[in-house]
Amino acid sequence: MSDKKASLSIDGKTLDLKVHSGTIGPDVIEVSALTGNGYFTYDPGFVSTAACESKITYIDGDKGVLLHGGYPIEQLAEHSDYLETCYLLLYGALPNASQKEAFVNKVRMHTMVNDQMSTFFKGFRRDAHPMAIMCGVVGALSAFYHDSLDITDEKHREISAIRLIAKMPTLAAMTYKYTIGQPFMYPQNHLSYSENFLHMMFGNPCEQDKVNPVLAKAMDKIFLLHADHEQNASTSTVRLAGSTGANPFACISAGIAALWGPSHGGANEAVLEMLNEIGDASRIDEFVAKAKDKDDPFRLMGFGHRVYKNFDPRAKVMKLAADEVLAELGLENDPLLVIAKRLEQIALEDEYFVERKLYPNVDFYSGIILKAIGIPTSMFTVIFALGRTPGWIAHWNEMISGSYRIGRPRQLYTGPAQRDFVPLDKR
Ligand code: SDX
């Protein structure tokens with residue numbers, strides 16, 4: 001705690017409030033004393049609320065800084081890989097060579113799912129949205145792992161984290177295969193994490209597939225860039241669900257549901273739909289005007305962020321990866337990329353966006369890479385959920401392994417004051 005004090009004068013009273021300082025970032029004012037004095041704080045959307053203490057990730061929205069365990073995302077994207085970043089998020093330090101090898105092997109040995117899981121898929125329509133299927137099958141993991149659901153047991157929490165990180169690619173690929181009527185592909189232990197995912201997505205039992213290493217590297221980078229983002233809506237959902245003592249698989253399923261919204265993880269799918277709707281660079285001005293029109297609900301998907309009031313550092317890395325992948329595939333002049341780059345240029349110059357500090361976010365370029373890799377738009381948010389799993393489970397574990405209380409926000413009530421029941425014949 002810092003030695004700073006905050007005081008609040010109200011109704012002739014002065015309340016002294018504790019102030020806490022973190023390693024970096026704004027100090028926080030502890031307001032729990034307000035309830036005893038008859039007040040709640042009011043902060044719809046939690047714009048100014050720190051809901052917890054955490055050591056995992058730090059974001060400076062004004063500077064466009066994102067740190068995992070203190071390491072800048074740009075350096076992790078350049079020098080690390082997804083599973084190493086998973087380790088960093090879970091254990092708070094980069095692994096040495098033997099720790100990394102052991103972790104990668106542990107994940108590798110848990111990539112298969114119980115074969116009975118495949119029957120769950122048959123209950124869904126083939127045209128079900130992949131996120132609907134993922135909400136169901138990830139939650140259903142709770143039904144299979146009774147031996148690792150004592151959340152007070154550190155070992156149980158660790159095996160649940162490993163199982164979730166290991167099985168998300170398998171379940172995601174099964175979801176995709178189910179929607180296109182192709183047989184599920186089993187994970188292959190000789191492949192890397194991202195090669196395995198692409199094998200399970202695009203391989204088939206009739207031929208030996210060879211995963212393009214450039215695409216596998218791009219996939220790994222996309223997973224890494226989505227790995228964690230402090231207390232975003234879906235991570236806060238996981239924490240709130242976890243605060244009730246719910247099992248980790250149910251909590252991650254809740255996070256998947258929250259991520260699905262187009263204002264959050266669903267934005268990558270919405271960006272591609274928007275670029276397709278624009279269709280041609282000549283129509284960009286029409287859509288920018290719609291985005292600026294107060295009476296038009298249309299927003300420029302992939303732009304703006306609750307925290308970043310500068311470029312999302314992940315968007316910068318994603319943009320470079322998009323150029324690499326499209327060059328590798330000879331798609332440099334992909335019409336959607338041309339529209340995206342023109343849109344970005346306009347948004348960075350237009351007063352409306354500049355004034356509101358609406359920059360491209362992580363979702364703006366990711367969809368272009370995913371489309372180039374051959375992943376259908378409806379699977380984009382599933383990819384985001386896959387990438388974000390280590391972040392979700394690291395925050396869940398940080399909370400459960402520390403001291404926590406059930407999350408229970410209060411409200412400003414503006415409904416009717418107490419009144420007596422009116423019998424039907426008197427209404
Ligand atoms: C993610 O929290 C995280 O960390 C999320 C995430 C993660 O990794 O977990 O980073 C992932 O969710 C990224 C965001 C993806 N969403 C989108 O790209 C959807 C489009 N963006 C917007 O819906 C919006 O920018 C939000 C939801 C991202 C942020 O909304 P806020 O912080 O509540 O901002 P706001 O709605 O109050 O907007 C402020 C102003 C408003 O105009 P005014 O009322 O001041 O005149 O900016 C305008 C908004 O109308 N605005 C936009 C806009 N985003 C905000 N106008 C046009 N297009 C947009 N995209």
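Since the model is a prediction, treat every value here as computed from it, not as a measurement. As the structure lists them, so they are numbered: ligands from 1, and atoms in each ligand from 1. Side-chain atoms are counted along with the backbone in the values below, which use heavy atoms only and exclude waters and symmetry mates.
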Review item, side-chain donor-acceptor pairs of residues 32-41, under 3.5 Å, at least two apart:
unit_1, atom_1, unit_2, atom_2, d
S32, OG, E30, OE2, 3.2
N37, ND2, A33, O, 3.0
Y39, OH, D11, OD2, 2.2

For residues 73-81, dump all side-chain donor-acceptor pairs below 3.5 Å to protein atoms at least two apart in sequence or in another chain.
unit_1, atom_1, unit_2, atom_2, d
S80, OG, E84, OE1, 2.5
D81, OD1, L83, N, 3.3
D81, OD1, E84, N, 2.8
D81, OD2, K100, NZ, 2.6

(message) Given a heavy-atom cut-off of 4.0 Å, could you list the residues near ligand 1 in chain and number order?
(response) H229, N232, P262, S263, H264, A267, A291, K294, R299, L300, M301, G302, F303, G304, H305, R306, R314, Y352, R356, L358, N361, D363, F384, R388
(message) Under 3.5 Å, is there a donor on one side chain and an acceptor on the other for Y91 and E158?
(response) yes
(message) Quick one about E398 and S54 (side-chain donor to acceptor, distance below 3.5 Å, no hydrogens or angles considered), yes or no?
(response) yes
(message) So, using side chain to side chain contact (heavy atoms under 4.5 Å, CB included) as the criterion, who are the partners of N212 when residues are at least two apart?
(response) V214, L215, E328
(message) With side-chain contact (heavy atoms from CB on, under 4.5 Å) as the criterion, how do Y87 and V107 come out once you've worked through the C-alpha distance, each side chain's angles and the decisive distance to 0.1 Å?
(response) CA-CA 11 Å; Y87 185 99; V107 169; over 6 Å; no
